[in-house]
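Values below: every heavy atom of this structure, side chains too, minus hydrogens, waters and symmetry copies.
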Number of protein chains: 2
Amino acid sequence: MFKLSKKVEYGILSLQYMANQNGNIITAKEISEHLNISFEFLSKTLQSLIKQGLIESIQGVHGGYKLAKPADKITFSDVIRALENRSSIVECLTEDIENCGRISCCTIKTPMTQIQDKINNIFDITTIAEIAIY
Amino acid sequence: MFKLSKKVEYGILSLQYMANQNGNIITAKEISEHLNISFEFLSKTLQSLIKQGLIESIQGVHGGYKLAKPADKITFSDVIRALENRSSIVECLTEDIENCGRISCCTIKTPMTQIQDKINNIFDITTIAEIAIY
DNA sequence: ATAAAATACGATAACAATAGTCGGATTTAT
DNA sequence: ATAAATCCGACTATTGTTATCGTATTTTAT
Ligand code: FES
Ligand code: FES
């Protein structure tokens, strides 16, 4: 399957939403209602975004979240890195190389690496700023 | 997760192998031994490739498989289409649009479609001929 | 005819990853 | 103190992938 996980989808939607708030902090509840998704699940997603340094949180009664840096400095790659067990299109392109029984005589490593690079580039050059509206 | 399924990986390796056989038919057993993978699983993979018209089979004692068309006419997209439940990076870009609760007010459809198009293009322009060696 | 070598294919089990839930802890404004 | 919010680990459920099994069919050599 070649699709983004729900976490990445929700992450991008949340970041897009925050990017349109002009620096004001917003709560997870507000985002979850706006996107019509589970508050619990969204919260975990947001917490992962914090770990990666993409957003900041304020605890307490008037707490919430906001972007930790300008929207044009947050790429889709950043979001994916924060929210998915980063993997490559075939195992052997990353640290999982040990697991592949064809390492010694691999005939697809070069083309697969080229494809991987192209895909990475797509997500590297797409930023939240580009998809923010208003 | 953003990776190709084993079926697609095996499919590409098999097609690459066949492309190097100069039109001679080869058996599933031979491929499975060459790639060091399960004969049963590979067989199912090859049968899916037949359905998609990418390879041809000859039954019986001296049977086996061979490419159904020139290697430069077989794209990675063809292989993926044959071997995976075709999906898009987000559900709503395909027939699954019904399942998405944001259809009426979707704020990521346009950028996601652009990314999807770029990814599709990568697999559209990569052919088995390009990765065949010798 | 028969046996052997091969493909064809549905059913199903085993495994892994994703998606979602729950319970409780911490922080802070009022 | 209380309420509103984030924080976080453990757990369950669901789905998709990977692999196996059993049986049927086709073809050819003998
Ligand atoms: S497929 Fe694993 S080393 Fe290339
Ligand atoms: S995310 Fe489903 S309609 Fe766009």
Side-chain angles (χ1 to χ4, degrees), chain A residues 1-11 13-14 18 24-33 35-52 55-66 68 80 82-91 96 99-101, chain B residues 1-11 13-14 18 24-33 35-52 55-66 68 80 82-91 96 99-101:
Chain A
M1 284 282 236
F2 227 73
K3 74 178 195 195
L4 296 171
S5 65
K6 286 292 173 190
K7 276 197 177 174
V8 170
E9 186 180 323
Y10 298 163
L13 285 162
S14 298
M18 287 182 218
N24 294 327
I25 67 174
I26 49 173
T27 65
K29 186 148 176 289
E30 187 181 343
I31 302 176
S32 75
E33 282 169 0
L35 299 178
N36 196 33
I37 58 180
S38 151
F39 167 80
E40 319 285 346
F41 194 56
L42 176 67
S43 295
K44 296 195 66 165
T45 303
L46 295 175
Q47 280 152 32
S48 299
L49 293 179
I50 290 172
K51 269 194 198 143
Q52 193 71 21
I55 63 177
E56 283 170 1
S57 70
I58 295 92
Q59 286 198 337
V61 171
H62 289 148
Y65 303 89
K66 62 172 182 164
I80 293 170
L83 299 173
E84 281 188 2
N85 290 345
R86 191 57 172 151
S87 66
S88 49
I89 57 170
V90 290
E91 289 179 302
D96 287 330
N99 297 338
C100 183
Chain B
M1 286 279 236
F2 227 72
K3 73 179 194 192
L4 296 171
S5 66
K6 286 292 174 191
K7 276 197 177 175
V8 170
E9 187 180 323
Y10 297 164
L13 285 163
S14 299
M18 288 183 218
N24 293 328
I25 68 174
I26 50 172
T27 66
K29 188 149 176 287
E30 187 181 343
I31 302 175
S32 75
E33 282 171 359
L35 299 178
N36 196 31
I37 58 179
S38 150
F39 167 81
E40 318 284 346
F41 194 56
L42 176 66
S43 295
K44 297 197 68 163
T45 303
L46 296 176
Q47 279 151 32
S48 299
L49 293 179
I50 290 173
K51 267 192 199 145
Q52 193 71 22
I55 61 176
E56 284 169 2
S57 71
I58 296 93
Q59 287 199 335
V61 172
H62 290 146
Y65 303 88
K66 62 171 182 168
I80 293 169
L83 298 173
E84 280 186 3
N85 291 347
R86 191 55 173 154
S87 66
S88 49
I89 57 171
V90 289
E91 288 181 304
D96 286 330
N99 298 339
C100 183

Just the rounded figure in Å: distance from [atom2] of [N] to [atom1] of [X].
| X | N | atom1 | atom2 | value |
| --- | --- | --- | --- | --- |
| Leu49(B) | dT7(C) | CG | P | 13 Å |
| Phe39(B) | dT18(D) | CZ | P | 19 Å |
| Phe2(A) | dT18(C) | CZ | P | 14 Å |
| Ile26(B) | dA6(C) | CD1 | P | 13 Å |
| Ile25(B) | dT7(C) | CD1 | C1' | 11 Å |
| Glu40(A) | dG9(D) | CD | P | 16 Å |
| Gln47(B) | dT25(D) | CD | C1' | 12 Å |
| Ile31(B) | dT7(C) | CD1 | C1' | 12 Å |

**Prompt:** So Glu30(A) and Tyr65(A), side-chain contact (heavy atoms from CB on, under 4.5 Å) or not? Walk me through it.
**Reply:** CA-CA 10 Å; Glu30(A) 187 181 343; Tyr65(A) 303 89; over 6 Å; no
**Prompt:** For Lys29(A), which residues count as a side-chain hydrogen bond (donor to acceptor under 3.5 Å, both in side chains) partner, sequence neighbours excluded?
**Reply:** Glu33(A)
**Sugar-phosphate, base or nothing in reach of Ile50(B), heavy atoms under 4.0 Å** = sugar-phosphate
**Message:** Under 4.0 Å, counting only non-hydrogen atoms across every strand here, what does Lys44(A) touch: a base, just sugar-phosphate, or nothing?
**Reply:** base
**Message:** So, does Ser38(A) get its side chain near the phosphate of dT21(C), meaning an N or O under 4.0 Å from OP1 or OP2?
**Reply:** yes
**Prompt:** Can you find a side chain N or O atom of Tyr10(A) that sits less than 4.0 Å from OP1 or OP2 on dT18(C)?
**Reply:** no
**Fill in**
Comparing nearest nucleotides in DNA chain C, the 5'-proximal residue of the pair Lys51(B), Lys7(A) is Lys51(B)
**Prompt:** Which listed nucleotide (dA19(C), dC7(D), dA19(D)) is nearest to the side chain of Ser5(A)?
**Reply:** dA19(C)
**Request:** Measure across Ser14(A) and Leu35(A) and return the closest heavy-atom pair with its distance rounded to 0.1 Å.
**Result:** OG-CD1, 4.1 Å
**Request:** Please list, by residue number, the residues of residues 55-63 of chain A whose heavy atoms come closer than 4.0 Å to an atom of DNA chain C; answer none if no residue qualifies.
**Result:** Gln59(A), Gly60(A), Val61(A), His62(A)
**Asked** After noting the C-alpha distance and the side-chain angles of Met18(A) and Ile31(A), does the key distance pass the side-chain contact (heavy atoms from CB on, under 4.5 Å) rule?
**Response** CA-CA 9 Å; Met18(A) 287 182 218; Ile31(A) 302 176; 3.9 Å; yes
**Message:** Check the orientation of Phe41(B) and Tyr10(B). Use parallel for under 30°, tilted for 30 to 60°, and perpendicular for over 60°.
**Reply:** perpendicular
**Request:** Go through the steps to decide whether Leu46(A) and Ile50(A) satisfy the test side-chain contact (heavy atoms from CB on, under 4.5 Å), and finish with yes or no.
**Result:** CA-CA 6 Å; Leu46(A) 295 175; Ile50(A) 290 172; 5.7 Å; no
**Message:** Return the CD to CG distance between Glu84(A) and Leu4(A), rounded to the nearest 0.5 Å.
**Reply:** 6.5 Å
